[in-house]
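Down below is the structure, laid out as C-alpha cells.
Just so it is clear, the model here is predicted, and its values are computed rather than measured.
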Amino acid sequence: MIKVEIRRPPAPFSLVLLIISLMILIPLESGCRRGGAKGEMVVMLEKRIDTFDPRRSADTAAERMRQLMFNGLTRKDDKFEPAPDLAEKFEPSPDYKTFTFYLRPNIRFHNRQTLSAADVKYTFDTMLAPGFQSAKRADLERDHVSVETDPANPLKVTFHCGNPCPGLANTIVPIGIIPEGTSNEQATRPTGTGPFKFESYTEDQEVVLASNDDYFEGAPGIKRLSVRIIPDNSTRESELRKGSVDLAINADFDPVTVEGLQNTPGIKTEVTDGTNITHLGVNLQDPILKDRRIRQALAYAIDREAMIRDVLRGQASPARSILPVSQWAYDPNVADYKYDPDRAKRLLAEAGKNRLKLSLKTSPVSISRKIGEAIQEQLRRVGIDIELQSLERQKLTQDMIEGNFQLYLNIIVGGNQNPDIFRFVYGSGAIPPNGQNRSRYINPELDKLLSEAQTASRDRRKEIFSQVQKTLAEDLPQIYLWYPATIVIYRDRISNVKVDPSGDWSAIRNMKAGS
C-alpha cells in the first residue's frame with residue numbers, strides 16, 4: 001500500500017494568508033484612513049454648530065460655516081478695513097447717511113438663482129423684522145437702517161441710515177447674503193454664494209460640503225470638504241496623528257499638545273501672532289463687582305506673564321486693549337495691570353473686602369479649565385476664593401447673554417479687528433439682545449465719545465478711540481488677558497496654507513489637497 005502524505009502549511013503561515021486576504025477584501029473605514037483622495041480634505045471643529053443661518057450666527061463655529069458657504073457685501077482686507085466682496089464697489093454719502101453698493105454681475109447662489117439687489121434687501125429686511133433674534137442686527141437697528149432697490153438697476157442697492165453710520169461697511173461684513181424666499185430653510189439647509197455648498201449635516205458629528213465650481217473668484221482647490229466636530233482634545237490629537245483629519249485652525253488644542261505635534265512626522269504646525277483676545281467678562285450689575293476697586297484688584301492679582309509661560313507655553317502675548325496691536329486705532333499708553341498682588345490686597349482692603357468669594361464660568365475645553373485653575377490659584381493668594389463652573393458652550397453663551405454670571409472666560413474672534421467693536425461691546429445700547437455688552441457696562445461719557453466718532457475725521461477718531469481705551473482700562477468692564485497665537489496644524493498632503501491672524505476659515509478656499 002502506498003501511503004500518500006498530505007502536508008499542510010504551518011498554522012502561522014495560514015494565519016498570515018488569512019490576514020492578507022482580509023486586508024484585501026475589507027476596505028478600511030473612512031474615519032481611520034491615512035490621507036484622503038486628491039482634492040478631498042477633512043478639517044476639525046472643536047464646537048457644536050447652533051445654526052447655519054448667516055444672519056443669526058454669532059459664535060465661532062457658526063461663523064466658520066458662514067465663511068465657507070456665504071459672502072457678504074463686504075469683507076475685511078489685510079489691514080482689517082472693509083473691502084468689496086459681493087459688491088464690486090460701494091460709495092458713502094458725505095454725511096454717511098447713505099451707502100450705495102453696486103453688485104458684481106452674474107453671481108449665482110448654490111441653488112442657481114442669480115444674485116440681485118432684491119436678495120440683499122430680502123436678507124436685511126428679514127433680519128430686521130420684528131421677532132427675528134440676531135445679535136448682528138443691533139447696530140443696524142440703532143442707526144435705523146433701511147434698504148432700497150432700484151427698479152432700473154437690479155445690481156444697485158442703497159442703505160439709508162437715520163444716523164450717520166461711517167462704519168456700516170464694516171458692520172455688515174459678517175452678514176451673509178441669502179437668496180430671496182429662503183429665510184426659513186437657512187438654519188438647517190443653508191444656501192449662499194460661497195466657495196463651498198452644503199451637502200449634508202449629521203448633528204454634532206459632521207458637515208459635508210462640496211466645491212462651488214461656479215464660485216465668482218474661481219472654484220476652490222478642495223472638491224469635497226468634511227468638517228468633523230470633535231470636542232475632546234485628546235481625540236482631536238489622535239485623529240490628526242493617524243491621518244483621519246487633515247487640518248485644524250485655532251482648534252483649542254492644549255498648548256502641550258501643540259508642542260508634541262510640532263515634532264510629529266507628516267504634520268506641519270504653524271504658530272504665529274494672533275489678533276483674537278482672551279478676556280474675563282465681569283458682571284457690573286453684581287453687588288460685589290460693581291465696585292471698580294474690586295475689578296482692578298482682580299486685574300493686578302492675575303499674573304499673565306506666568307500663565308503665558310507655564311500654561312500657554314508661550315503661545316500668546318499679553319493684552320491691554322481689546323484692539324490688536326496691529327490695528328490703526330490701538331493705543332499702548334493705557335493702564336497696564338502688571339502682576340502686583342500687594343496692590344491687589346490694598347485695593348480689596350479699601351473696598352472693605354479682605355476676603356471674598358466669586359464664581360468663574362468657563363467652557364469644558366481642556367485649556368479653558370487649566371486657565372481657570374491657574375486664575376483660581378493666583379486669586380486665592382490675595383484672598384479671593386474662586387468657584388470654577390465648567391459649562392457646555394451653549395449653556396455658557398446663554399448665561400453670558402442673560403447676565404447670569406459674576407466672571408466668565410471667553411475669546412473674542414475677529415470682531416475686535418475694527419474699532420466699531422467699542423460700540424458693539426461697550427455701548428449702553430448694546431446690552432443683549434441688542435449687542436454684546438454682556439458686562440452691562442453703562443457710561444454716558446463713553447457713549448458720547450462713540451457717538452462723536454461716527455462723524456469725526458480719521459485723526460479725531462484716533463484721539464477718541466485712544467480716550468475710549470484709557471477709560472475702559474480704568475473701568476475694566478472686561479479684564480484683558482492675552483492675544484492667543486494663531487495655530488494652524490495640518491497634514492503634509494495639504495498645501496497653500498495661508499491663514500490670517502484671526503484664523504478666518506475663508507483661507508480654506510485656496511488650499512489644495514494631494515493624494
>> To the closest 0.5 Å, what do you measure between OH (Tyr490) and OG (Ser495)?
In response: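 Tyr490 OH to Ser495 OG: 9.0 Å, rounded to 0.5 Å.
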Distance only, no hydrogens: is a donor on one side chain within 3.5 Å (strictly under) of an acceptor on the other, for [X] and [Y]?
X: Asn233; Y: Thr257; value: yes
X: Asp504; Y: Ser506; value: yes
X: Glu239; Y: Ser244; value: yes
X: Gln478; Y: Tyr426; value: yes
X: Thr182; Y: Gln186; value: yes
X: Gln113; Y: Asp119; value: yes
X: Asn496; Y: Asn510; value: no

Could you tell me whether [X] and [Y] make a salt bridge, using a distance below 4.0 angstrom between a side-chain N and a carboxylate O?
X: Asp214; Y: Arg112; result: yes
X: Glu63; Y: Arg66; result: yes
X: Asp204; Y: Arg48; result: yes
X: Asp254; Y: Lys370; result: yes
X: Lys223; Y: Asp213; result: yes
X: Arg55; Y: Asp53; result: yes
X: Lys361; Y: Glu402; result: no

> Are Arg142 and Phe424 in a cation-pi contact, defined as NZ or CZ under 6.0 Å from the six-membered ring centre and within 45° of the axis?
Replying inline: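 No.
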> Just wondering, more than 12 heavy atoms not from Glu392 lying within 6.0 Å of its CD?
Replying inline: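 No - once you tally the heavy atoms of other residues, nucleotides and ligands closer than 6.0 Å, there are 12 at most.
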> Is a donor on one side and an acceptor on the other found under 3.5 Å between the side chain of Thr397 and the backbone of Arg393?
Replying inline: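 Yes: the side chain of Thr397 pairs with the backbone of Arg393.
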> With under 30° as parallel and over 60° as perpendicular, where do the rings of Phe405 and Tyr408 fit, or are they tilted in between?
Replying inline: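 Perpendicular.
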